[in-house]
Amino acid sequence: MTTPFDLPVLVSSQGVAPIALRSDDILFRWILPEIFHELPVNVQDDDIAVQLLEELADKALPGADYDDKTKFGVMCALAVGDLPAVGVEYAAVCLTVSDDIPCIATFFVSLVNSPEVAGIPAVVEEISSGLRFAKVGDVSVIELPCGAAVACVGNREDEIPGELLDGERGAALSTSYIRVYVPLPNETTVLMEISTPTMSGWETFSTMFGNIVSSIRLFKADGSPIITSGEGA
C-alpha cells in the first residue's frame, strides 16, 4: 500500500541526538531534524517559560525585529497553553521558506489509551476502523521499523486568537495535518502529529514527518529493542 511514508531514502540524521520519552516500562525514541525548535510544554514556572519562549524566538527568527519576535512568542505561548491538557508530552515548531513563502509547522507527541482489544494487530485495526468511521481524513495502515502503525492525513479548522490579529475577534484557519498512531505493548498508543496552515510547505513538512516516524525505536526497560509486528525491520 502506498502511503505518505513510503520514502525512498531516510534523511541522514548523523550527529542529531534522539529525543526520548517513557511510557511506563517502554522507552520510545525518535530523531527530530535540527530545523525544529522545542516548545516548553510542561514547564510549570511562568518566568522560565517566558524566558524559554524568548530564547526560542531569538533562535527561530534571527535578525527579525522585536515586534515580529514578540508576535511569534505569543503565538507559541497560546499554542502551548492547551497542549498539556490534552496529554501532549513533547512539542516543537518549525519555520522555513518554500518558493520564497514563509512556512510554519507544529509537531507534537502525546500518549493516549489504546482501544481495549487484545494484541497489536487488533489495536491497529480498531484505531484505523474508528478513524475511517469518523471520516476525519485518509487513513492507512503502515509498517514502520518499530512495527505496525496507523496514519491519517486530513484537514481541520484551527482558531486564531484575536491577540494575533490585532483585534478582539479570532478567525478560523484551514490547517492540514498528518497523524501517526503507534501502539505499544502496554495498552498505550504513541500519537505523533505534524500540522501546517501554509500549504506551500506541505511537501517539505510531510517528507520531514515521514522521516521522523521512520526513526521511531522502542526499547524495554533493560535496553533491548521492541518491534511490535513481524513486518518491522
Q | Polar side chain donor-acceptor pair, Asn186 to Ser23, under 3.5 angstrom | A | yes

Q: Could you check if a side-chain atom of Pro18 sits within less than 4.5 angstrom of a side-chain atom of Leu32, using non-hydrogen atoms only?
A: no

Q: Compare every heavy atom of Ile31 with every heavy atom of Ser215, then report the nearest pair and how far apart it is.
A: OG-N, 2.8 Å

Q. Heavy atoms, side chains only, cut-off 4.5 Å: are Tyr181 and Leu131 in contact?
A. yes

Q) Are Leu218 and Thr228 close enough that some pair of their side-chain heavy atoms sits under 4.5 Å apart? A) yes

Q | Interatomic spacing from OG1 in Thr204 to CZ in Phe209 - rounded to 0.5 Å | A | 15.0 Å

Can you give each donor-acceptor pair under 3.5 Å made by side-chain atoms of residues 93-104, sequence neighbours left out, with the distance rounded to 0.1 Å?
| unit_1 | atom_1 | unit_2 | atom_2 | d |
| --- | --- | --- | --- | --- |
| Ser98 | OG | Ser200 | O | 2.8 |

Q) Is it true that a side-chain atom of Ser206 and a backbone atom of Glu203 form a donor plus acceptor pair closer than 3.5 Å? A) yes

Q. Distance from Phe108 atom CZ to Tyr90 atom OH, nearest 0.5 Å?
A. 13.5 Å

Q) Can you find a heavy atom in the side chain of Val182 that is under 4.5 Å from one in the side chain of Leu144? A) yes

Q) So how far is it from Phe107 CZ to Met208 CE, rounded to the nearest 0.5 Å? A) 12.0 Å

(Q) If I take atom CD1 from residue Ile227 and atom CD from residue Glu143, how far apart are they, to the nearest 0.5 angstrom? (A) 10.0 Å

Q: Nearest 0.5 Å please: distance from the SG atom of Cys146 over to the CG atom of Leu184.
A: 8.5 Å

Q | Option from Leu27, Ile26, Ile226 for which side chain to side chain contact (heavy atoms under 4.5 Å, CB included) with Lys220 holds | A | Ile226

**Q.** Option passing side chain to side chain donor-acceptor pair (under 3.5 Å) with Ser129 (candidates Glu125, Arg132, Glu126)
**A.** Glu125

Q | Gap between atom CZ of Phe219 and atom CG of Asp25 - 0.5 Å precision | A | 14.0 Å

Q) Going through the checks in order, is the side chain to side chain contact (heavy atoms under 4.5 Å, CB included) test met by Leu111 and Leu191? A) CA-CA 6 Å; Leu111 298 174; Leu191 168 58; over 6 Å; no

Q) Val153, Val109: one ILVMFWY side-chain cluster at the under-4.5 Å cut-off? A) yes

Q: Could you check Arg217 against Trp30 for side chain to side chain contact (heavy atoms under 4.5 Å, CB included), going step by step and ending with a plain yes or no?
A: CA-CA 6 Å; Arg217 298 294 186 271; Trp30 71 94; over 6 Å; no

Q: Check side chain to side chain donor-acceptor pair (under 3.5 Å) between Thr198 and all other residues, then give those that pass, not counting sequence neighbours.
A: Thr196

Q. Between Ser195 and Arg156, is a side chain to side chain contact (heavy atoms under 4.5 Å, CB included) present by the stated rule, with each step listed?
A. CA-CA 10 Å; Ser195 63; Arg156 63 170 179 257; 3.6 Å; yes

Q: Just do the side-chain hydrogen bond (donor to acceptor under 3.5 Å, both in side chains) check on Thr188 and Asp24 with the steps written out, would you?
A: CA-CA 9 Å; Thr188 301; Asp24 295 331; 4.9 Å; no

Q) For residues Ser114 and Thr189, is any side-chain donor paired with an opposing acceptor at under 3.5 Å? A) yes

Q: Give the minimum heavy-atom separation between Pro145 and Ser214, together with the two atoms involved.
A: CG-O, 3.3 Å

Q: With side chain to side chain contact (heavy atoms under 4.5 Å, CB included) as the test, would you mind laying out the steps for Ile216 and Arg29 before giving the verdict?
A: CA-CA 5 Å; Ile216 298 172; Arg29 302 189 311 187; over 6 Å; no

(Q) Is there a side-chain contact between Ile212 and Met192 in this structure, where contact means two heavy atoms from C-beta onward sitting under 4.5 Å apart? (A) yes

(Q) Looking at every non-hydrogen atom in both residues, tell me the closest pair between Ala148 and Val124 and how far apart they are. (A) CB-CG2, 3.9 Å

Q: Please name the pair of heavy atoms, one in Pro183 and one in Ala149, separated by the smallest distance, quoted to 0.1 Å.
A: CD-CA, 4.3 Å

**Q.** Arg179 to Tyr177, cation-pi by 6.0 Å centre distance and 45° axis angle
**A.** yes

